[in-house]
Amino acid sequence: MYLITVLGNLLITLAVSSDSHLHTPMYFFLSNLSLIDICFTYTTVPKMLLDIQTHSKAITYAGCITQNIFLYSFFVLDICLLTVMAYYWFVAFCHPLHYMVIINTQVCGLLVLVSWILSALGSLLQCKMVLDLSFCRDLEIPHFFCELNQMTQLACSDTFLNNIVMYLATVLLGGGPRAGILYSYSKIVSSIRAISSAQGEYKSLSTCASHLSVVSLFYGIILGVHLTSAGACSSQSSVVTSVMDTVVTPMLNPFIYSLRNRDIKGSLKRFFRVSGKLGSIILNQKM
C-alpha cells in the first residue's frame, strides 16, 4: 500500500510537471496535493514498517517531536489545499467571466504559499506547547505514531493551556476550511441546477466530481476517527481509523483523480512513451 501511494502520487506529479498541457491552476494544485500526500505518509508509514520488521516500538523523544511537527504540518496542508481547490471550482462555476482575472499564476502561487505558511506556523505552535510539557520516564503512547492528542493526555504536567490551544486550532483550521468547502459547493450546486439540460448538469458535475470524492473521503475518515475516539473504550478503533486516514486516503487519491480524467491518463501515456524511448536510446548507446 505504501509503494502504491508513493508511486501513484509521484506519477501524477511527474505527469503534471512534464506535460505543458497540464500547466493549469487545477493541475498545479493537484500536483502539490500529490506531493504532500507522499510526504504525509513518509512521516509515519516507514517507521511503522520498521517496527513491524524489528519487533520494536521504541522511538526517541526527539524523533517523536520531529514526527509530530511534520505530521501535523502536512495534515494541515492537506486541509488547506483541498479548500483552495474548492475555491478554484467555486470561481470556475460561479464567476466564469472573471475566472482569468481571479485565478492567475500569481494568485495560485500565493494561495499555495499561504497554505504552507499556515501549516508551518500551526505545527510549530502545537509542538512548542508539547515541548513545554513534562513526561514520565517510561511513556507508552497507545498509537502507531506520536499523535499530539495522545501525548498531551499522557503528560505529567498541567495540560489546560495545551487543550485550549488544541481546541482553538481545531476550530480555526478544521471548522474554517470545512465551512469554506461547504459554502463553495452549495454555490456550485446552485449554479449547476440553473443549467437547463440534464446532460449539461451531468457534464458540469462530473468536472469537479473527483475533488468532491476526495473531500468526502478525507473528511469522512476524520469524522470516523473522532467518533471512534469518543465512543470506543480502547484505542484500537482509533488506531484503525487513523491508519485509514494516513495510509488509505493518500493511496486512493491518485486513482480518484486519474481514472476518469482523460488529461491525466493521456499525459501518463505520453510520459511512459517518452521514458520508454529514452530507455531504448540509452540501451542502444551502451550496446
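Since the structure is predicted, the reported quantities are computational estimates derived from the model, not experimental observations.
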Which residues end up grouped with L118 if you chain together Ile, Leu, Val, Met, Phe, Trp and Tyr wherever their side-chain heavy atoms are less than 4.5 Å apart? L110, V114
Starting from the C-alpha separation in whole Å, work towards a yes-or-no answer on side-chain contact (heavy atoms from CB on, under 4.5 Å) for T249 and F40. CA-CA 11 Å; T249 304; F40 185 54; over 6 Å; no
side-chain contact (heavy atoms from CB on, under 4.5 Å) between I65 and M151, intermediate numbers included: CA-CA 10 Å; I65 295 297; M151 291 181 68; 4.0 Å; yes
Does L50 offer a backbone N or O that forms a donor-acceptor pair with the side chain of T54 under 3.5 Å? yes
Side-chain donor or acceptor of S17 paired with backbone N/O of T13 under 3.5 Å: yes
Please say whether more than 12 non-hydrogen atoms of neighbouring residues, nucleotides or ligands are located less than 6.0 Å from NZ in K187. no
For C64, check disulfide bond (SG atoms under 2.5 Å apart) against everything at least two apart and list the hits. C146
Do V215 and M85 come within less than 4.5 Å of each other through their side chains, counting heavy atoms only? no
Whether H95 and H98 hold their rings parallel, tilted or perpendicular, with breakpoints at 30° and 60°: perpendicular
Check L10 against I38 and note the closest heavy-atom contact, atom names and distance. N-CD1, 3.6 Å
Do F28 and T105 come within less than 4.5 Å of each other through their side chains, counting heavy atoms only? no
Around atom OH of Y61, are there more than 12 heavy atoms from other residues, nucleotides or ligands closer than 6.0 Å? yes
So how far is it from S31 OG to N9 CG, rounded to the nearest 0.5 Å? 11.0 Å
Would a 4.5 Å heavy-atom cut-off, applied to side chains only, mark D78 and D37 as touching? yes
Tightest non-hydrogen contact, residues V16 and Y27, listed as CG1-O, 3.4 Å
Do L124 and F75 sit in one hydrophobic cluster, given that two such residues count as connected whenever their side-chain heavy atoms are within less than 4.5 Å of each other, even indirectly? no
Could you measure the distance from the CG atom of L111 to the CD atom of Q106? Nearest 0.5 Å is fine. 11.5 Å
Does the side-chain contact (heavy atoms from CB on, under 4.5 Å) test come out yes or no for T44 and F70, once each step is laid out? CA-CA 10 Å; T44 57; F70 286 105; over 6 Å; no
With a 6.0 Å cut-off (strictly less than), is the heavy-atom count around OH of Y2, excluding the residue itself, greater than 12? yes
Pairwise distance CD(Q67) to CD1(I59) - rounded to 0.5 angstrom: 4.5 Å
Taking I69's backbone N and O only, do any of them form a donor-acceptor pair with S123's side chain (distance below 3.5 Å, no angle check)? yes
Search all heavy atoms of A15 against all heavy atoms of L22 and return the closest pair with its distance. O-CD1, 3.9 Å
Using every non-hydrogen atom in the two residues, find where D51 and S56 come nearest and quote the distance to one decimal. OD1-O, 2.8 Å
Assess the side chains of Y87 and Y183: does a donor N or O sit below 3.5 Å from an acceptor N or O? no
Other residues, nucleotides, ligands: >12 heavy atoms within 6.0 Å of Y99 OH: yes
Indicate, with yes or no, if L172 and V84 share a hydrophobic cluster defined by side-chain heavy-atom contacts under 4.5 Å among Ile, Leu, Val, Met, Phe, Trp and Tyr. no
Is L7 linked to L33 within one hydrophobic cluster, defined over Ile, Leu, Val, Met, Phe, Trp and Tyr using a side-chain heavy-atom separation of less than 4.5 Å? no
Can you tell me how far apart OG (S191) and CZ (F93) are? Round to the nearest 0.5 Å. 8.0 Å
Assess whether side-chain contact (heavy atoms from CB on, under 4.5 Å) is satisfied between K47 and F145, documenting all intermediate values. CA-CA 8 Å; K47 180 66 173 69; F145 62 85; over 6 Å; no
Same apolar cluster (I L V M F W Y, side chains within < 4.5 Å links), I52/Y42: yes
Under the disulfide (SG to SG under 2.5 Å) definition, can you give me all pairs with a residue in residues 25-54, not counting sequence neighbours? none
Is the shortest side-chain heavy-atom distance between I103 and C108 below 4.5 Å? yes
Are the side chains of L11 and P254 in contact, using a 4.5 Å heavy-atom criterion? no
Is there a path from L35 to Y72 through hydrophobic residues (I, L, V, M, F, W, Y) whose side chains come within less than 4.5 Å of each other? no
Within the distance-only criterion (no hydrogens, no angle test), does the side chain of N253 pair as donor or acceptor with the backbone N or O of P250 below 3.5 angstrom? no
Looking at SG of C80 and CZ of F29, how far apart are the two atoms once the value is rounded to the nearest 0.5 Å? 12.0 Å
Looking only at heavy atoms, what is the nearest atom pair of T41 and T246, with distance? CG2-O, 3.1 Å
So CD1 of I36 and CG of L81: to nearest 0.5 Å the spacing works out to 4.0 Å
